[in-house]
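Each chain gets a letter, A, B and so on, in the order its sequence line appears, and its residues count up from 1.
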Amino acid sequence: MAGFQSLPGFREFYPEDFSRRQQIFRTWRQAAQAYGFQEYDAPVLEPLELYTTKSGDEIEGQLFSFTDKGGRDVALRPEMTPTVCRMVGAKAGALKRPIKWFSIAEFYRYERAQKGRLRAFNQFNADIFGEAGPEAEIELIALLIQCLAGFGLTKDDFYVRLSDRDLWFFYLEALGFNDAQARGILGAIDRYEKMGDDAFKGYAETHGELDADRKAKVLAFLKIKSLGELEAALAPYQSDKLAARLADWRKVLDGVGAMGLADFITVDLGVVRGLAYYTGFVFEAFDRKGDLRALAGGGRYNDLIKKLGYADLPAVGFAIGDVTTGLLIEQRGLAPKHATAPDVFVVLGGEAERKAAFADIRALRAAGWRVEYPFKDAAFGKQFKAAAESGAKLALIYGGDELAKGVVKIRDMSDRSEREVPRAEVVDAVRTALAGR
RNA sequence: GCGAUCAUAGCUCAGUUGGUUAGAGCACAAGAUUGUGGAUCUUGGGGUCGCGGGUUCGAAUCCCGUUGGUCGCCCCA
C-alpha cells in the first residue's frame, strides 16, 4: 500500500460511514433538544493543566499533549467535563438555573486501541448544573435512555446500572472504616466484577486483611439489586446521612419509574467508577448481552467546579460515545441502509435537451429538492437504469419530443406511471408528486 | 507500556513440497442497447502480494525486523 496511512486509532469517514455517524449525532441531538438541553461547543486544544488539575499528573500519559510554539503545555481534549465546568463556572452568576447543556464533539486519548475504544472518538455530553437534588439525576438518566432508545434499541438491548459513591462511603463509615480504608474498598469493588476475590488483595496489602464479618457485609451490599434490599440492608444503621441518601434513591427510582422507564434501570452498587471526583449517584449503561464496553457513563460531581477555581456549583452529567453505540446499532441491524437518495433524477435526450433542462434543474434545487442528472450523454435505457440505482423517487424526462411540445415528462419511479406537465409548472408538479413523501 | 494474532485488487478471499506473466466472486467502467428500470452476456481498468532486509538459481510462500489492523492486559475521564 503506497502513500500514507491515517494515524493509529483515527478513523476516516467515507460517505457510508459518515451517514452512519450522522444518524448517531442526529438521534442524540434530537433527544437532547426534546429534553430542553442547549447545545454548546468548545476548543479542541486546551491547557494541559486543565486536565492535570482535575485528574492528577499521571493523566498526561493518556493524553495527546505537547508544547506549542509559544512554550505552552497543551493537550487535545480527552473529555469535555473540565472545559464545560470552566465555561459554566466563568459565567455561573449570569446563567439561568437549572443549566442544562449538551455537546457533540471529538475527543483524543493516547491509548492502545481495542474493541470499542479508539484514539479519536466522538462523545455526546449532557450536564445539569445548579441543581443539587435528585431531580437532575432523573432528567439525565431519562435522557441517557432516550439517547439509546432513539435508535430503536429497547430494554432487551441495554440497561442502566445505578449506584452511589456517597452511599458507599456512608455505609463503610457506619461499618467503622476510615476514609482511606473506604477508598481502598471502593477500589476493590470497582475491580470485583472482573477479578473476583483477588480484587481485595490490594486492600489487604495497604490496610491489612479485611475481617470476614465486614467483608461479608461489603459483598452482600455489592449484590443488592433492588431498592427493597437496599432499605433492608441499611435498616440496622442509625444515620441521618444514610437516611437522606435513601430518600434520594426513592425519588430517583420513583421518577424514572413514573416516566415508564423502570425496565431500563437496575440498582447495582457494583458500579463505583474509577474517578475520585464523583460525589453521589453514578450510573453506566451497558448492552444486555454484555459483550461490549460501557455504552455511557456519568454521575454527580458537586466539587469539581470549585476545585477548578470557580463557584461552588452542584453538577451531574454523563457522556455517551459513538464507537460502542455504533457497534451495538450495527449488531442489532439498526444502522441506516444506504445514504440519501435524490428526490429527482433528470433524464436528458442530448446536448440541446441538457441545456434546456439546466434552468429547471437549478430552480428545483433552489426550491430544496435533491436533483441529479448524468454528466455525459447516454442512452435512455442507461439513464433509467442509473435513475433506478440512485433510488430517486421521480425521473424528469427531457427528450426531443417533450421539448417540442413544451412539456416535461414526470415518471414516478415506484409505480412507473408517467404524465406530462408544461415546463413552466415543473417545480409545482414535482412538489405535488413528492408531497407526503 | 506488555502479550497474542493477522496483513494478496476498493471489499471478501484462493494461491499446491518455494518454480513461467499472481487468480476468482462482488464492486467499478465500457459495449451489446440513441425513448424507458436494479437482469444477462462480452470486454476492460485496477496489485512493487503492507514495508525493509536476509536465505535461495528462483520468494506471495521460508527467516529476521518494522508498520498497521484485530483481540486481550495496564488504564478507562
Side-chain angles (χ1 to χ4, degrees), chain A residues 1-12 14-16 46 50-56 58-63 75-85 107-119 121 123 125 127 187 190-191 194-195 202 271-278 282 284 291-294 296-299 301 304 317-321 323-324 327 338 341 345 347-353 374 376-392 394-404 409-418:
Chain A
M1 222 52 60
F4 298 97
Q5 295 178 309
S6 61
L7 290 167
F10 284 72
R11 293 170 291 175
E12 293 174 310
Y14 283 79
E16 198 179 320
E46 290 278 17
L50 183 64
Y51 305 112
T52 52
T53 299
K54 180 201 164 210
S55 307
E58 323 78 59
I59 195 69
E60 195 177 342
Q62 316 275 10
L63 298 177
L76 288 172
R77 62 184 173 199
E79 57 167 326
M80 193 58 102
T81 305
T83 300
V84 72
C85 284
F107 299 94
Y108 310 88
R109 295 179 186 176
Y110 199 86
E111 300 176 296
R112 197 87 161 83
Q114 48 185 271
K115 190 178 185 184
R117 185 171 84 178
L118 298 171
R119 286 184 166 185
F121 55 93
Q123 273 189 349
N125 275 260
D127 295 272
D190 197 24
R191 288 157 212 275
K194 189 176 278 182
M195 299 172 59
V271 177
V272 292
R273 291 180 72 77
L275 280 305
Y277 65 84
Y278 282 115
V282 289
E284 290 192 322
D291 50 19
L292 296 174
R293 306 172 68 83
Y301 50 99
L304 186 56
F318 73 87
I320 174 167
V323 182
T324 310
L327 287 172
H338 47 73
F345 191 97
V347 173
L348 303 167
E351 206 48 44
E353 292 85 350
K376 296 283 185 291
D377 290 340
F380 271 65
K382 178 151 289 199
Q383 293 191 58
F384 278 103
K385 188 171 167 180
E389 283 173 352
S390 77
L394 296 179
L396 284 187
I397 301 148
Y398 286 75
D401 300 346
E402 287 81 3
L403 289 192
K409 205 178 270 178
I410 297 189
R411 180 179 178 87
D412 186 315
M413 294 301 287
S414 58
D415 63 13
R416 305 188 177 206
S417 64
E418 288 182 356

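Judged by distance alone, with hydrogens and angles left aside, the side-chain atoms of Glu353(A) form a donor-acceptor pair with the main-chain N or O of Gly350(A) at under 3.5 Å. Between the side chain of Arg109(A) and the main chain of Pro78(A), a donor-acceptor pair closer than 3.5 Å is present. Between the Gln383(A) side chain and the Leu348(A) main chain, a donor and an acceptor come within less than 3.5 Å of each other. With hydrogens and angles disregarded, no donor-acceptor distance shorter than 3.5 Å links the side chain of Arg117(A) to the backbone of Thr324(A). Remark: the backbone N or O of Leu50(A) is not paired with any side-chain donor or acceptor of Thr53(A) at under 3.5 angstrom.
Protein atom CD of Glu111(A) is 13 Å distant from nucleotide atom C1' of rC73(B), rounded to whole Å. One can place CG of Asp377(A) at 16 Å from C1' of rA30(B), the figure rounded to the nearest angstrom. Distance, Leu7(A) CG to rU67(B) C1': 12 Å, rounded to whole Å.
Of the P atoms belonging to rC11(B) and rC57(B), the separation is 37 Å, rounded to the nearest Å. rG50(B) and rA9(B) are spaced 8 Å apart, taking the P atom of each and rounding to whole Å. Comparing rU16(B) with rU20(B), their P atoms are spaced 11 Å from each other, to the whole Å. Taking atom C1' on both nucleotides, rC49(B) is separated from rG23(B) by 12 Å, rounded to a whole Å. Across the C1' atoms, rC2(B) and rU61(B) are found 31 Å apart, a figure rounded to whole Å. Between rA22(B) and rA30(B), the two P atoms lie 28 Å apart (nearest whole Å). Comparing the P positions of rA7(B) and rC51(B) gives a spacing of 14 Å, expressed to the nearest Å. Comparing the C1' positions of rU17(B) and rG58(B) gives a spacing of 15 Å, expressed to the nearest Å.
Annotation: salt bridge (charged side-chain N to carboxylate O under 4.0 Å, His left out) contacts of Asp377(A) (sequence neighbours excluded): Arg354(A).
Checked against rC75(B), rG68(B), rG72(B), the side chain of Gln62(A) finds its nearest nucleotide in rC75(B). Distances from the side chain of Arg112(A) to the nucleotides rC75(B), rC76(B), rC2(B) place rC2(B) closest.
For a distance-only test at 3.5 Å, the side chain of Arg109(A) fails to qualify as a donor-acceptor partner of the base of rC75(B).
For the pair Arg119(A) and rC76(B), the criterion of a side-chain N or O lying under 4.0 Å from OP1 or OP2 is not met.
In this structure, rA9(B) makes no Watson-Crick or G-U wobble pair, since no nucleotide meets both defining distances under 3.5 angstrom. Pairing for rU61(B) is absent, judged as Watson-Crick or G-U wobble with the two contacts each under 3.5 Å. Using Watson-Crick or G-U wobble geometry with both donor-acceptor distances under 3.5 Å, rU21(B) finds no partner in any strand shown. Under the Watson-Crick or G-U wobble criterion, with both distances below 3.5 Å, rU36(B) is left unpaired in every strand shown. Nucleotide rC28(B) forms a Watson-Crick or G-U wobble pair with rG44(B), both donor-acceptor distances falling under 3.5 Å. Across all strands shown, rU16(B) forms no Watson-Crick or G-U wobble pair with both distances under 3.5 Å. Here rG1(B) sits opposite rC73(B) as a Watson-Crick or G-U wobble pair (both hydrogen-bonding atom distances under 3.5 Å).
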Base-contact (B) and sugar-phosphate-only (S) positions in nucleotides 32-39 of chain B, heavy-atom cut-off under 4.0 Å, - elsewhere: --SBBBBS

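Across all strands, Gly298(A) comes closer than 4.0 Å to no nucleic acid atom at all (heavy-atom distances). Within 4.0 Å of Lys376(A), counting heavy atoms only, lies no atom of the nucleic acid at all. Within 4.0 Å of Pro78(A), counting heavy atoms only, lies at least one base atom of the nucleic acid. Heavy atoms of Arg77(A) sit nowhere under 4.0 angstrom from any nucleic acid atom.
The CZ atom of Arg411(A) sits 12.5 Å away from atom CG of Leu396(A), with the distance rounded to the nearest 0.5 Å.
Salt-bridge check for Glu402(A) with Lys409(A): passed, with a basic side-chain N closer than 4.0 Å to an acidic carboxylate O.
More than 12 heavy atoms of other residues, nucleotides or ligands sit less than 6.0 Å from atom CZ of Phe380(A).
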